[in-house]
S.K.: 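Quick one: structure below, then a few questions.
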Amino acid sequence: MPVCTAMNRIVLLLAFPLVLAVSQLANAQEEKLELLLDRSPALPNAMGYVNVASLDKLMNDAGMSAGVTQNVDEYWFVSDFDVAKTRPKWEAGYINLKGEIDAEALAKKLGGYVDEISGHDAIWTPGQTYLVPVKDNRLGILRPADRTLLSEWLSGERSYRSSAYLKSQAKPPEDYLSLMLAIDLQDALSPVPMADKLKDNFKSLQSNSPESVASVLASVQGVTVLIGRRGLNECIVRATFSKSPASLELIAADLFAEILERGGTAAPEVRTWKVEIKDNGLALKGPITEATLSGLLGVFSLQNKARQAVALNGSEAGSRTQEEEMAYRSKAYFADVTKIVEQTRKHKSQTTGALAKWNDARARQIAEIGTLNVDPGMIQYGTDVAETLRGNALTVRQGNITAGKTKASQGLSDGYYGGGYGYDYNSSTDYQRVTDAYARGNAYSNYQQALAEIDKMTASVRRTMSDKYQIQF
């Protein structure tokens, strides 16, 4: 498994969906995650906690609208995270709401229907998500909409023996946290392919051998991410290994940042983090930027599905005319798309590969936005923006492939007779650097052109929709 993909999942813990769950039986604060693990719909390898109000104070662009933060207290979640594909196989949980939930009304607003599963009303939505209103104004959420999986979860007839690592992290100091996420990584990494990938010009290794570094990294048991309530400077990434990570102390921050960058997540602030090692534990402590955290949170779709449900629950949609409702939905859709565009603009990828991966992820995020009762012209705008970002990612990748072929040819010889003008004494490395520079220049030039085209589309649709509905978009 490539190390960039495998280790990138560590930071993608930050991107786990905010909207997930607390067990119906969890009344005592210190037992919430423990009981949730025991009552998971299937065997989980990840869990977490989010205090919405405190995180919203820290992040102006956290992806949580005012309507969400005013109606939601906290989230707890469990998930089975596919470490190879860096995305969840399923996500499940509950959110605590401050108002009652009308299943039939909410299903109508979402364009879905109400089903009955294991004695509960379950709202199926076109976004392949189940929403389940339960007692005490809690809303259960499961994605994808697997009816059998939901039945097993609601019935509570099965229990799972969660990993020792998750059990050890199941009592976080919630009173001091905005966010806690943990993932079990035992036996998830192989040192052999990891060592091969680390040999690929990882500058952060310094004098450490790729084999020795890979051996330690592959022994990781799990990783936990903590963010405090006083500021985004209170970020801790804590890893537990079966081997001592002492040999990584001097390179841990740079290595972590380089792995993330190669995996498509630019987080240069990681290089400034302080490293602490105790026994078989390694902790990285320092500030995380709002752009990094908000972008990572956007990788997962369940957050957006739940946000849409919360925003529509109890809304005044029933009192609006059809045209007023379309204007309302279209404006909300426009706000969601433009927010993603701004996240894209803020992201600073250091490699073209990371740029392509980032834009692909943003395109998928736009495609996940609900379109029920949205003006067709606005839907086309969102589609065009997504295709523009996806097209840029494709162009960048094709340029990298072409550059790779050229570099392979240049690497056949350290010198050659060229163009009839005699022997060229430049090394293949010199030519490869030039090839890389051309590829980077072309990639970032195309990226800027894509952003300029998106700006034109945004200005055009804003004028059109504002004139059509007589409200400012």
Side-chain angles (χ1 to χ4, degrees), residues 15-20 59 61-69 71-72 87-88 91 95 106-112 123-131 139 141-145 294-313 315 317 325-347 358-393 450-451 453-455 457-458 460-462 464-465 469 471 473:
F16 268 94
L18 293 180
V19 185
L20 292 164
M59 298 180 64
D61 195 24
M64 295 179 292
S65 66
V68 174
T69 56
N71 290 289
V72 180
R87 63 179 62 184
E91 311 158 84
I95 58 177
L106 183 56
K108 183 178 180 180
K109 294 172 184 177
L110 291 169
I123 303 169
W124 178 90
T125 74
Q128 288 301 308
T129 304
Y130 271 125
L131 306 175
L139 184 68
I141 304 175
L142 177 70
R143 179 176 170 86
S294 63
L296 292 170
L297 290 173
V299 171
F300 288 80
S301 60
L302 188 59
Q303 171 192 342
N304 292 329
K305 300 300 180 184
R307 182 181 62 172
Q308 182 184 22
V310 172
L312 290 176
N313 183 55
S315 69
E325 180 64 13
M326 183 166 286
Y328 172 83
R329 297 286 188 94
S330 299
K331 186 173 181 180
Y333 179 90
F334 181 68
D336 286 340
V337 174
T338 53
K339 180 180 292 184
I340 293 171
V341 171
E342 285 310 303
Q343 289 176 352
T344 303
R345 198 184 306 276
K346 291 178 182 178
H347 186 75
W358 178 269
N359 288 343
D360 252 346
R362 301 289 76 74
R364 288 196 301 271
Q365 190 178 356
I366 291 173
E368 290 285 350
I369 301 174
T371 58
L372 183 66
N373 291 331
V374 175
D375 188 286
M378 185 60 75
I379 296 174
Q380 186 61 54
Y381 160 74
T383 301
D384 291 342
V385 171
E387 286 300 317
T388 300
L389 291 175
R390 193 173 290 112
N392 172 250
L451 289 179
E453 183 61 29
I454 289 173
D455 287 342
M457 291 188 289
T458 300
S460 177
V461 78
R462 177 182 279 117
T464 300
M465 294 297 151
Y469 293 106
I471 59 173
F473 276 73

S.K.: Taking R329 for its side chain and L372 for its backbone only, find out whether a donor-acceptor pair lies under 3.5 Å.
M.R.: yes
S.K.: Could you give the distance from OG1 (T344) to CH2 (W358), rounded to the nearest 0.5 Å?
M.R.: 7.0 Å
S.K.: How far apart are the closest heavy atoms of A327 and F473, and which atoms are they?
M.R.: O-CZ, 4.0 Å
S.K.: To the nearest 0.5 Å, how far apart are CZ in R143 and CD in E368?
M.R.: 4.5 Å
S.K.: Roughly how far, to the nearest 0.5 Å, is the OG atom of S460 from the CG atom of D455?
M.R.: 12.5 Å
S.K.: Evaluate the side-chain proximity of R345 to V341: yes if any heavy-atom separation is below 4.5 Å, no if none is.
M.R.: yes
S.K.: Can you tell if the side chain of L110 reaches within under 4.5 Å of the side chain of L131, non-hydrogen atoms only?
M.R.: yes
S.K.: Under a 3.5 Å distance rule, please check whether T129 uses its side chain to pair with a backbone N or O of T125 as donor and acceptor.
M.R.: no
S.K.: Starting at CE of M326, measure out to CE of M378 and round the result to the nearest 0.5 Å.
M.R.: 11.0 Å
S.K.: May I ask you to test the Q365-R362 pair for a side-chain heavy-atom distance under 4.5 Å?
M.R.: yes
S.K.: For S330 and D375, which heavy atoms make the closest approach, and how far apart are they?
M.R.: OG-N, 2.8 Å
S.K.: If you take all heavy atoms of P126 and G111, which pair is closest and at what distance?
M.R.: CG-O, 3.4 Å
S.K.: So which atom in A363 and which in R390 form the shortest heavy-atom distance, rounded to 0.1 Å?
M.R.: CB-NH2, 3.6 Å
S.K.: Within the structure provided, determine whether T388 and M457 are in side-chain contact (heavy-atom separation under 4.5 Å).
M.R.: yes
S.K.: Would you please name every residue forming a salt bridge (Lys or Arg N to Asp or Glu O under 4.0 Å) with R462, sequence neighbours left out?
M.R.: none
S.K.: Test salt bridge (charged side-chain N to carboxylate O under 4.0 Å, His left out) on K109 and E325 and set out the steps.
M.R.: CA-CA 10 Å; K109 294 172 184 177; E325 180 64 13; over 6 Å; no
S.K.: What's the separation between atom CD1 in I379 and atom CG in N373, rounded to the nearest 0.5 Å?
M.R.: 9.0 Å
S.K.: Roughly how far, to the nearest 0.5 Å, is the CZ atom of R364 from the CD1 atom of I369?
M.R.: 14.0 Å
S.K.: Taking all non-hydrogen atoms of both residues into account, name the closest pair between N359 and A393 and its distance.
M.R.: CB-CB, 4.4 Å
S.K.: What is the minimum heavy-atom distance between Y333 and T371, and which atoms define it?
M.R.: CE1-CG2, 3.8 Å
S.K.: Are side-chain heavy atoms of T383 and I366 found at a separation under 4.5 Å?
M.R.: no
S.K.: Classify the angle between the aromatic ring planes of Y381 and F334 as parallel (below 30°), tilted (30 to 60°) or perpendicular (above 60°).
M.R.: tilted
S.K.: Within the structure provided, determine whether I454 and T458 are in side-chain contact (heavy-atom separation under 4.5 Å).
M.R.: yes
